[in-house]
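Note on naming: letters A, B, ... go to the chains in the order of the sequence lines (proteins, then strands), and numbering restarts at 1 for each one. Computation of the quantities below employed the complete heavy-atom set of this structure, encompassing side-chain atoms and omitting hydrogens, waters and symmetry-equivalent molecules.
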Amino acid sequence: MMNLELSEQEVIRRQSLEELRKLGINPYPAEEFETNTNSQEILSKYDADKNNFQDVSIAGRIMSRRIMGNASFIELQDDKGKIQIYVKRDNLCPDEDKTLYNTVFKKLLDIGDIIGIKGNVFITKVGETSINATELKLLSKSIKPLPVVKEKDGKIYDAFSDAEQRYRQRHLDLIVNPSTKETFVKRTKLTNSMREFLNNKGYLEVETPILQPLYGGAAARPFKTFHNTLGQTLYLRIANELYLKRLIVGGFDGVYEFAKDFRNEGMSRFHNPEFTQMELYVAYKDYNWMMDLVEEMVEKIAIDIHGTTKVKVGEHEIDFKRPWKRYTMFEVIQEFTGIDISMMNEKELAETAKNLDMEIDETMGKGKLIDEIFGEKCESKLIQPTFITDYPIEMSPLAKKHRSKDGLVERFETICNGKEICNAYSELNDPIDQRERFEQQLILGKRGDEEAMVLDEDFLKAIEYGMPPTAGLGIGIDRLSMIMTNSPSIQDVLFFPQMRPEKKVQKDDPAKYIAIGIPEEWVPVVQKSGYLTLESMRDVNPGALHQKLCGTNKKHKMGLKNPSQDDVKKWIEIINK
RNA sequence: GACUCAGUAGCUCAGCAGGUAGAGCACAUCCCUUUUAAGGAUGGGGUCCAGGGUUCGAGCCCCUGCUGGGUCACCA
């Protein structure tokens with residue numbers, strides 16, 4: 001009997017599975033299949049004159065098949081790429097028994113199956129380096145057909161491109177779209193390169209709590225959870241800043257963490273509810289020093305990934321070569337608007353913003369207005385990596401007051417491709433000042449600012465013991481990855497971006513059908529005919545239903561004995577009772 | 001959250017002026033036998049996202065919802 005839930009191709013593959021078993025072939029063998037090379041190595045190092053690679057063992061997934069009489073070609077894809085396998089009947093089956101070729105290979109294997117191949121490398125008439133298979137072993141049977149993508153001269157045909165499917169079924173995306181794999185390899189190179197850089201400087205990689213009794217270190221709304229044993233509300237961290245600073249207080253001079261942070265806010269091309277930041281704190285340094293470090297580090301990353309400081313991103317070429325431009329906030333605003341706002345008071349700033357066609361409201365203070373003008377008129381125009389320094393104090397409750405400029409803090413952000421990629425301060429280590437800044441945040445919070453920071457008594461206590469002057473940095477790994485991989489969306493650099501869960505179709509349990517007298521074997525037929533719930537059958541015409549059911553039975557060659565019209569009528573009567 | 005576009009075969013996509021649902025690849029059967037996104041022939045495969053409405057008749061028109069993309073807003 002056919003399984004009505006499955007597509008025709010799935011049914012055929014399951015049948016193949018059974019036939020393989022009948023032939024004594026385990027479609028899911030347990031033992032190791034030892035490989036001694038991979039596609040990339042063969043393609044780059046095979047040399048016909050040297051006659052190397054004459055005893056290779058390789059494993060991977062069948063991506064295409066061109067089957068002919070007694071000689072066929074398949075494309076095998078492994079971790080590193082694709083290579084063509086030449087399968088000739090008499091090479092694979094030198095003996096009388098040709099079952100492995102005629103039946104197993106030709107009939108029972110499919111695109112998507114994972115196989116092991118042993119053989120020797122040669123170059124075909126057409127000039128393609130290939131493996132002549134002398135052994136073929138099924139390693140895992142695929143019972144769901146893969147999207148089929150073809151490619152010629154770098155041109156992709158029938159691409160698997162539906163964004164929803166690519167994100168929800170990332171495994172398929174990875175199998176079928178080599179560029180997806182490349183993106184994630186680059187992302188890992190990026191973090192490896194950064195980690196190597198920081199380790200070489202002697203900084204210590206640490207881990208700090210993700211579940212925090214208070215959330216701090218950034219302005220954002222948190223995810224809230226509950227610990228049963230402690231009977232306590234906990235928050236997923238929005239940042240790890242306050243914990244890393246405690247470690248600086250504790251006497252580490254340089255600590256860093258690659259941190260997954262969580263923010264309960266909107267999602268977009270640039271925002272995922274969980275994202276990765278690298279935060280670094282170094283004692284006895286200031287923000288000027290940190291700018292030098294960022295330049296050096298990101299330049300190295302670009303070279304490690306691309307072999308050059310120049311990276312193509314969308315329509316732009318971004319050059320990470322040091323030194324990068326540095327502007328103060330006031331300078332950059334003057335550059336892009338022609339207006340010097342450095343001496344303006346709140347009223348004048350509001351006036352200026354209005355003249356620049358910006359929407360403002362009364363609640364905006366001086367700092368917010370400056371930030372808005374920058375965000376609106378400058379940020380998106382900064383394509384090459386650029387440091388913006390000296391932010392208004394209102395926006396930065398954890399940054400040290402500027403050594404010489406009133407009303408500002410020692411803070412910089414790095415803007416690249418029109419987006420912020422890092423944020424850094426000379427960290428505030430004056431405990432009295434810090435307390436006052438928190439208190440100002442509390443006032444904001446009471447006024448309804450949901451992102452205002454909460455006062456962390458434990459943290460204050462820690463820095464009261466004395467925190468050395470410290471430079472701190474947060475760098476957005478996802479955003480930097482987007483730039484380094486030329487990805488337009490954050491979803492492209494996260495293996496499993498957050499998605500709304502797929503809604504399941506509502507379906508009644510078979511028992512409910514059986515309870516009203518429908519024979520068990522008819523339940524799938526009824527559901528296949530479109531009646532997924534008993535309720536949906538309430539108002540149907542019994543005659544029509546009878547016809548439909550018999551039709552489904554016939555169409556799908558179920559071979560069931562049709563119910564009588566009376567039977568069907570009775571079912572509906574029961575439902576309507 | 002707002003606006004906007006989209007959802008049709010396993011995959012990529014057509015479909016019109018409302019009139020029996022199409023192509024290529026994939027799949028099956030047969031022929032060919034060193035091919036390169038595609039050798040040839042034949043064939044099977046659809047809840048046209050869901051639910052309502054208009055209509056003699058809806059994949060198409062209208063309404064509601066679901067899911068996704070894009071832009072904007074909050075934000076990194």
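The one candidate from A/Ile393, A/Asn423, A/Thr389 that meets the side-chain contact (heavy atoms from CB on, under 4.5 Å) condition with A/Arg411 is A/Asn423.
Nucleotide B/rC25 forms a pair with B/rG10, judged by Watson-Crick or G-U wobble geometry with both contacts under 3.5 Å.
Residue-to-nucleotide contacts include a donor-acceptor pair under 3.5 Å from the side chain of A/Glu128 to the base of B/rU36. A donor and an acceptor atom never sit less than 3.5 Å apart when one is taken from the side chain of A/Ser130 and the other from the base of B/rU34. A donor-acceptor contact under 3.5 Å links the side chain of A/Thr124 to the base of B/rU36. Checked by distance alone, A/Gln84 brings a side-chain donor or acceptor within 3.5 Å of a matching partner on the base of B/rU35.
Within 4.0 Å (heavy atoms only), A/Lys82 reaches no atom of the nucleic acid at all. Using a 4.0 Å heavy-atom criterion, one finds that A/Arg221 contacts no nucleic acid atom at all. A/Ala163 comes within contact range of the sugar-phosphate backbone alone, with a heavy-atom separation under 4.0 Å but no base atom that close.
A salt bridge between A/Glu394 and A/Lys366 is absent, with no side-chain N of the basic residue lying under 4.0 Å from a carboxylate O of the acidic one.
Put simply, CE on A/Met358 is 15 Å from C1' on B/rC72, counting in whole angstrom units. Atom pair A/Gln9:CD and B/rG46:P shows a separation of 12 Å (rounding to whole Å applied).
Residues meeting the side-chain contact (heavy atoms from CB on, under 4.5 Å) test with A/Lys419, sequence neighbours left out: A/Phe270, A/Arg479.
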